[in-house]
Amino acid sequence: MRKGVRNWGPPLLLISPTIIILGIFVYGLIAVNIQVSMTNRHSLVPATEFVGIDNYIQLLTEDRFLHSLMNLAVFTVVFIAGTMVFGFIWAWMLDKGVGAEGIFRSVYLFPMAISFVASGVVWRWLLNSAEGDRASGLNRIFESLGLGFLQNSWWNEPIWGMAAIAMPAIWQLSGYIMALFLAGFRGIPEELREAARMDGASEWKLYRHVIFPQLSPVALSALIIVSHMSLKVFDLIMAITKSIYQTEVPATYMWVTLTSNDYAKSAAIATVLLILASVLIVPYLIHTARAEKSNR
Amino acid sequence: MTTTIEPGLEPRQNAGLDGGLSKRPSRQPRVGQTRRGRIGRTGKYALLILFVIVVMMPVYVLFVTSLKPPADVNPATSWGWPTRWPWEPVAEGGPTGFDNWTTAWTALSPALGRTFLLAIPAALISSFLGSMNGFVLSRWRFPHADLVFTFILFGMFIPYQAIMTPLVQMKTSFGLPSDISTLLIVHIIYGLPICTLIFRNYYVSIPAELMEASRVDGAGMLRTFASIVLPLSLPGFVVTIIWQFTSAWNDYLFALFLSDTAGGPVSLALNNLAQGAQLANYGAAMAGALIASLPTLLVYIILGKYFIGGLMSGSVKS
Amino acid sequence: MRKRMSLLVGAVAVSVALAGCAGGNAGSESTSDSGDENQVEVFTWWASGSEKVGLDALVEVFAEQYPDIEFVNAAVAGGAGSNAKAALASRLEADNPPDTFQAHAGAELSDYIAADQLQDLSAFYDENGLTDVFPESLIERLTVDGKIYSVPSNIHRANVTWVNSSVLDKAGIDPTKAPADMDAWIADLQKLKDSGVESPLALGTEWTQMQLLETVLLSDLGAEGYSGLWDGTTKWDSDGVKTAVDHYSQLLGFVNSDYTGLDWDAATQILIDGNAGYNVMGDWAEAAFVQAGLTYDTDYTTWPVPGTEGVFDFLADSFTLPVGAPHEAAAKDWLTTISSAEGQKAFNLAKGSIPARTDTDASEYPAYQQTAISSFANDTVVSSLAHGAAAPIAWSADISSAVGKFGSDKDSDSLIKALVAASDKAQG
């Protein structure tokens, strides 16, 4: 089939500007960043020597950085669990067929259209940790509903505080996961369900053997999307708490080091983030590419 | 975390405009609906409505606070109605809740205009480039096409922190200004992967025969693209344009690193209003949050169906 | 052939479109280095509120003194100056400095100095007689290796305790009498708590905690011992520091539970609302009390943080002369204006701070500022940590994070360890 250059030259030519641009702005800049992370450029004074992976060793033995990784881990787990649970429950209820489905769908989904900077303005209030007389936000609601025992100090809590920060993120993204699952449900051919029912499968068996397996690709997509977003969490934390130790994650730590002119360290933090993302994404990309190849 | 959300990666065959969200043909009502069924249904609606209340809660606080006069604005009374509505007359001509809106408007309006000038071209240009790339990747074979696709796709997942410091330095050494024109270039570039992905998946889902007819030889490709593919691409464009518009509008990370409040987008101006160094004006900040969210919300409300379609475009394998 | 052409045209169109974006930008760049000699580009983060009002007042004086020179405002708002600092760093690196820029006076300048980005202004001080009108101990704090690199425009005091008089009266404590030292203050706090005030001391987010800690250090180490922390003569694991950390830890037992989440104004508001008796904050808090309609000396009062009587914990905004400033002469004119009696008066009346010059007529200032002016002239001046005067940015960022950590784990030993490590790294 191939007719040589004449056949594949033009498409390659058409796509080459993109390849070049991304080559520079993604791969080239990543390379520069890694290079900076291996110098001793810790102030406005230009780098004087190459220090190899020293900055990484320092970073990974530093309590503060480990703490930010821990925060990120807590945030990620809660964020993923929350969006998956709410997203699934909403999709499941809507799939059962309800009147005014469109309205429910829109309401659940709309927070996605709002930026974290905007929603952070109000979540700062809702997550206010004062209790008792000075209680406000969610604590105030609990207080007035007679659920005073639910009051807590939200993100001021030492370790699980990050779980509170995940709440706005869950609020924002659950609707998206719902939409993914809903499309997943709707993508299951009715015949499959009917066939299972004909075989006398119980409702649970139907889910166990027909629906869940059919949904697993969606769940995987959702998982990858949510977890890689979680790695980047920045806007939300800046909007709610600004960059303080308590809610520090690598992305905000990187901003702090950059504004105190420690270029090498901030580059090293960014590279660690990139590695974390790659560990997650690269296998997925390979998996997707393979799956597509076999589909063709 | 920037509010960029990627649609699923795998192409979906025959995804409709709403991404397959359309209701399934309603099932036959089961014979003899039981009382238990009715209770179950009531319970389900109660639950759904409870969730609606929970989801709307922050919006309620935003609205109600933005209408309060300054003396009323206090976290401790955040759930209550204003003690005085903005339209009620004030004897001494003191501040009303409307002042929040005028303050916010004054603070944000220049940035709002700039953000339109940023988000609209960013959406149009990256969509156009994305459709060309998507067309090439979906219909044309060339050596290592899959590798090229993965190469492009990876750019969508990187934490932008990993390129930020060099990007800032690059901007400085080229003498680019700290305003939306720099951000425009950046959003176009980093929007390429996602737009390429969406269009590729969309074109894969279009029956091959529709495009096959004119596939004469390599050089006819551009003409094929212009005369056959582009006209078919409207749904794809709706999706990527909404997509890029929203993420450029809501972006804070690039804006923070590459622009300043004098020339930057509304996210910076809003953050400044909300966390200014001086005594913060919460009423105005909440009004500002609503104003800054309005364009994306409108896009979402008017084009919501397609928005969902975009998210869905190909998340599920059939 | 025609087909090839169309392809070529397409490719060209794409690259033109791309180049178009880039070109459009290069063209629209607002260049600061135009040939006009008669302008001065002033870089600040004073873009809103009383700071902006102060800057405007300053510009007015400048226009009177130097009518031929055009003032170019290069203010960058946001992030309490951190956005501006990031923008400035990249401009300096690109050898495109403004004519003068705002910076916290003191150690925060050391990064710029180490990178040879600032000019020595000692000669300027001599020419304008500034060495005589600024307090000697201020000059001492501004001097690095015998050179002075910036001109302060306004002075703030960090070691101020704000006191809600009626809350203290109710508990039977005399609000006008400052406790002699930390222990006496802690006893009063306990008394207040016993009387039913749930959180007697109002506190806010990380930097306000750092400011509280620095005043406790100042109280327990004395002015000399405290200043020694920054030049290595006082050890961070000395007994004095340990006592201070212990006192600080006790103080945290009296604060509002939600402190980490509050900015300074919200913390001060707790005091204004009568839900706390004390708040340690810089003197910009005065504006919040005035706005709430309270009267100095009747509704609220101030005294130096207990144990810091006679010490003025200062922070200041100042202006510099960068190496390679395009309009050096005009920049010096700007520096002359801000250091002049008229310039200082105009700016500080508007901003609510006090002038660096001691030859001021205090009676022109409001009640609180009058007390600050007389202290500034007579007290020993030390440098504030929380506001960049005492330590370089990286060092204070490390301390800030250690203090934030202490806020959640209350582990004194690990705080001291972190403080020692931060100091070793900075001075190492």
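Chain letters run A, B, ... following the sequence lines, proteins first and then strands; every chain starts at 1.
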Which of [options] touches chain B most, by non-hydrogen pairs under 4.5 Å:
options: Val107(A), Leu258(A), Ile237(A); answer: Val107(A)
options: Thr271(A), Ile286(A), Val26(A); answer: Val26(A)
options: Val32(A), Leu280(A), Thr18(A), Ile30(A); answer: Thr18(A)

**Message:** side-chain hydrogen bond (donor to acceptor under 3.5 Å, both in side chains) for Ser221(A) and Tyr284(A)? Distances and angles first, verdict last.
**Reply:** CA-CA 9 Å; Ser221(A) 290; Tyr284(A) 183 65; 3.2 Å; yes
Which bit of [X] comes within less than 4.5 Å of chain A, counting heavy atoms only: side chain, backbone, both or neither?
X: Ala285(B); answer: both
X: Leu192(B); answer: side chain
X: Tyr190(B); answer: side chain

Interchain contact, [X] with chain B, by part (heavy-atom threshold 4.5 Å):
X: Tyr263(A); result: side chain
X: Leu273(A); result: both
X: Met93(A); result: both
X: Ala277(A); result: side chain
X: Ile19(A); result: both
X: Ile24(A); result: side chain
X: Ile269(A); result: neither
X: Val272(A); result: neither
X: Leu126(A); result: side chain

Taking [options] one by one, which has the highest count of heavy-atom pairs under 4.5 Å against chain A?
options: Met56(B), Met164(B), Gln161(B); value: Gln161(B)
options: Val136(B), Val148(B), Val266(B); value: Val136(B)
options: Leu297(B), Val54(B), Leu256(B); value: Leu256(B)
options: Val61(B), Ile152(B), Thr150(B), Leu147(B); value: Ile152(B)
options: Ile158(B), Leu48(B), Ile49(B), Val59(B); value: Leu48(B)
options: Pro159(B), Ser293(B), Gly130(B); value: Pro159(B)

Measure the shortest side-chain to side-chain distance between [X] and [Y] over non-hydrogen atoms and say whether it is less than 4.5 angstrom.
X: Asn133(B); Y: Arg200(B); value: no
X: Met167(A); Y: Trp171(A); value: no
X: Lys232(A); Y: Phe157(B); value: no
X: Thr296(B); Y: Ser115(A); value: no
X: Tyr108(A); Y: Val52(B); value: yes
X: Arg105(A); Y: Leu94(A); value: yes

**Item:** Geometric class of the Phe234(A)/Phe257(B) ring pair [parallel <30°, tilted 30-60°, perpendicular >60°]
**Value:** tilted
**Request:** Report the relative orientation of the aromatic rings in Phe225(B) and Phe135(B); use parallel for angles under 30°, tilted for 30 to 60°, perpendicular for over 60°.
**Result:** tilted
**Stepwise ring pair (Phe, Tyr, Trp, His ring centres under 6.0 Å) check, Phe110(A) with Tyr300(B)** = CA-CA 7 Å; Phe110(A) 91 90; Tyr300(B) 168 80; 7.1 Å; no
**Asked** If you measure from CD1 on Ile240(A) to CD1 on Ile165(A), what distance do you get to the nearest 0.5 Å?
**Response** 5.0 Å
**Item:** Crowding at CD1, Ile103(A) (>12 non-hydrogen neighbours, <6.0 Å)
**Value:**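 No - once you tally the heavy atoms of other residues, nucleotides and ligands closer than 6.0 Å, there are 12 at most.
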**Prompt:** Is it true that a side-chain atom of Ser267(B) and a backbone atom of Asp251(B) form a donor plus acceptor pair closer than 3.5 Å?
**Reply:**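 Checking the backbone N and O of Asp251(B) against the side chain of Ser267(B), a donor-acceptor pair under 3.5 Å is found.
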